[in-house]
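All heavy atoms count here, side chains included; hydrogens, waters and symmetry mates do not.
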Amino acid sequence: MQKIIHSKFFFISALLVLHALFFMYAVHSGNIYLHNDSDEYLQQAENLKQHYSSYAGDWNQPVSNYLVSRRPPFSGFFIMTVKTIYNSDFAVCFVQCLLSIFNLLLVVKLIRNFFPGWNKYGKLLFLLLFFSTQFIYSNMIMMEVLFQTMLILSFYFIIEYFDTKKSIHFLMFHIFLTAAVLIKPVLYLFWIPLLFFMIWMLWKKIIKPVQLSFILIFVTIIFFISFHNYKKTGYFHYSSVNENYIVNYSVYLTLADKEKGAAAERKISEMMKEAASKSNYHDYSVFVRQESFRIIKDNLSSFIFLQVKGVINFFIDHGRWDMYAFFDKQPKENVKGWKYYYQLEGIKGALNYLNQFPVLLFIYLVLVYFVNALITISFILFLSDKKINPAVRIIIFLFIIYIAIVTGMIGSARFRMAVYPFLLFAFPFGYEKLKNILQRDKRKEKMQYLFSLSSLLILSLFNHLCH
């Protein structure tokens, strides 16, 4: 018992130290802003305070319909609230660090509830050491941590509901899930898989018919935000982020897969020029969507390939981009992968690309691949563990796979951060199962799992080297 207490104390102390170190670096360097995202969050917070508006642009400049719906209101409200108490962007980072620590400790609590006697705090700490993204975005003006908090709280309350069958816990699950979609628009379609899950729970008599109506909280918020955007822009939609993602990532990368980057950019430019000629925002948005889907349909094989590649990326991405943004390092290799340089200069180009990496960073990134592959294997084994409540396995699967699919081609460590607590939760169960499999006497079964693990590692390395 004393050993467990010491182990837990060391884990908490390590979390505090790691967050403190990253926070102190953030204060010293000032690298807490990311591209336009941070500016839009801060602008929204200011507009909420001064004008009671969730507009994410400069109030003194001409109105941009794109920025009217760009950010759901809870993001700016969070920043405004923190800065009302202490008017500093670093105060926002400090609160985010506290939320990050809370999220990780809540994961430990959930694991211990499901896994009596579990005390492998060192293993979780080891995993976190190879997920710097958690500490980086805790110290940037972004909404990754707050979004993560709402998701892990929603998961906590549905787990509580499975144990207690109290409606209040199921209601809280929906409330925190709704709070999450008010932070990040990426979740706005989650009500669809959630509805099927709830129908399944109704069929299994896990919930009562009246509890099925709780999903209306989520759907109603989506409707009212979309209606608000319609009143402001003339176009019924939840967020303009969707058009931005489709054009700049899905369409561009699909075209670039078959053509040179310049040709893809020219086609995108021509499409957006024609879109800009439309008389209103509704026609503009409809045109962009229709043309985007047409291009994707015409290049469906490339789209599917890149989408699958992106989902793989989601699970094993190294987070190098996050490290460069936070530590203000922008070397040449941050832009292209070895395949690009190999096509330009052959083997010499590929070797020159690899030589740009500091040795320690290169070793760290390779280790990240192995750790991420181990986490992914453990997650798969967790899903196949029939000893665990199937409802728990399904909801975790839905959270993780939904985010992996909708972030698609640009699946990265940043997007994985939202559901990383779920992967941590699944890890002890899957890891123990993997360990038991490898300890069995059945050589053939052992070799099959080792082959699967090796294949995933090779695929991961190839996927990232080509990225």
Side-chain angles (χ1 to χ4, degrees), residues 44 54 56 68-78 143 146-162 165-246 281-282 285-286 289 391-392 394-408 415 418-419 422:
Q44 185 187 61
S54 60
V68 168
S69 61
R70 172 76 170 161
R71 305 292 177 186
F74 198 31
S75 304
F77 179 77
F78 168 73
M143 290 298 109
L146 186 62
F147 184 58
Q148 184 189 73
T149 301
M150 296 303 116
L151 291 183
I152 192 64
L153 281 172
S154 68
F155 177 64
Y156 172 80
F157 279 105
I158 199 171
I159 294 298
E160 286 291 295
Y161 173 76
F162 293 149
K165 296 297 186 288
K166 292 181 179 179
S167 291
I168 184 63
H169 291 146
F170 198 53
L171 178 63
M172 293 303 292
F173 162 72
H174 285 275
I175 288 174
F176 281 111
L177 204 55
T178 303
V181 80
L182 285 170
I183 297 167
K184 287 274 191 179
V186 68
L187 205 65
Y188 89 106
L189 290 177
F190 189 69
W191 68 270
I192 299 173
L194 179 61
L195 178 60
F196 283 104
F197 176 56
M198 290 177 66
I199 292 172
W200 175 82
M201 287 198 293
L202 182 64
W203 176 54
K204 291 290 185 177
K205 298 181 179 179
I206 298 173
I207 64 172
K208 299 174 184 177
V210 68
Q211 291 172 322
L212 192 63
S213 65
F214 289 176
I215 197 172
L216 290 175
I217 300 171
F218 191 96
V219 175
T220 301
I221 287 295
I222 298 295
F223 174 81
F224 276 113
I225 295 292
S226 299
F227 184 70
H228 168 269
N229 293 334
Y230 169 75
K231 296 288 286 184
K232 292 288 185 179
T233 68
Y235 179 51
F236 188 87
H237 67 298
Y238 187 73
S239 173
S240 60
V241 167
N242 301 317
E243 280 79 15
N244 177 65
Y245 174 83
I246 291 171
Y281 189 68
H282 172 273
S285 298
V286 170
R289 278 180 175 267
V392 174
I394 291 172
I395 190 62
I396 287 183
F397 173 80
L398 289 179
F399 272 126
I400 294 175
I401 295 303
Y402 174 85
I403 297 294
I405 290 174
V406 296
T407 54
F415 299 123
V419 292
F422 303 131

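Nearest heavy-atom pair across Ser239 and Ser69 is OG-O, 3.1 Å. Annotation for Met150 and Ala179: closest pair SD-CB, 3.6 Å, computed over non-hydrogen atoms. For the residue pair Val181 and Tyr238, the shortest heavy atom distance occurs at O-OH, 2.6 Å. The two residues Ser240 and Tyr281 come nearest to each other via the heavy atoms CB-OH, 3.5 Å.
Note: Arg71 CZ to Lys184 NZ = 6.5 Å, rounded to the nearest 0.5 Å. Considering CD1 of Ile405 and CG of Leu189, their distance stands at 12.0 Å, rounded to 0.5 Å. Rounding to the nearest 0.5 angstrom, the gap separating the CG atom in Leu177 from the CE atom in Met172 is 12.0 Å. For the atom pair CD1 of Ile395 and CD1 of Ile159, the computed distance is 8.5 Å after rounding to the nearest 0.5 Å. Between the CG atom of Leu187 and the OG atom of Ser154 there is a distance of 8.5 Å, given to the nearest 0.5 Å.
For Phe224 and His228, the gap between ring centers reaches or exceeds 6.0 Å.
Within 6.0 Å of the CZ atom in Phe162, the count of heavy atoms belonging to other residues, nucleotides or ligands exceeds 12.
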Does the side chain to side chain contact (heavy atoms under 4.5 Å, CB included) test come out yes or no for Ile394 and Met201, once each step is laid out? CA-CA 11 Å; Ile394 291 172; Met201 287 198 293; over 6 Å; no
Distance-only criterion, 3.5 Å: show the donor-acceptor pairs between side-chain atoms of residues 204-218 and protein atoms not counting sequence neighbours.
{"from": "Gln211", "atom 1": "OE1", "to": "Tyr161", "atom 2": "OH", "distance (Å)": "3.0"}
{"from": "Gln211", "atom 1": "OE1", "to": "Lys208", "atom 2": "N", "distance (Å)": "2.7"}
{"from": "Gln211", "atom 1": "NE2", "to": "Ser167", "atom 2": "OG", "distance (Å)": "2.8"}
{"from": "Ser213", "atom 1": "OG", "to": "Val210", "atom 2": "O", "distance (Å)": "2.5"}

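Partners of Tyr235 according to the ring-ring contact (aromatic ring centres under 6.0 Å, His included) rule, which considers only residues two or more places apart in sequence or in another chain, are His237, His282. Legend: residues meeting side-chain contact (heavy atoms from CB on, under 4.5 Å) with Pro193, ordered by chain and number and at least two apart, are Phe190, Leu398, Tyr402.
No option in Phe147, Phe197, Phe422 other than Phe422 meets the ring pair (Phe, Tyr, Trp, His ring centres under 6.0 Å) test with Phe399.
Taking the six-membered ring where the residue is Trp, Phe173 and Phe170 present parallel rings, their angle staying beneath 30° rather than reaching 60°. In this structure, Phe236 and Phe223 have tilted ring planes: the angle between them lies in the 30° to 60° band.
The backbone N or O of Ile183 sits less than 3.5 Å from a side-chain atom of Ser75, completing a donor-acceptor pair.
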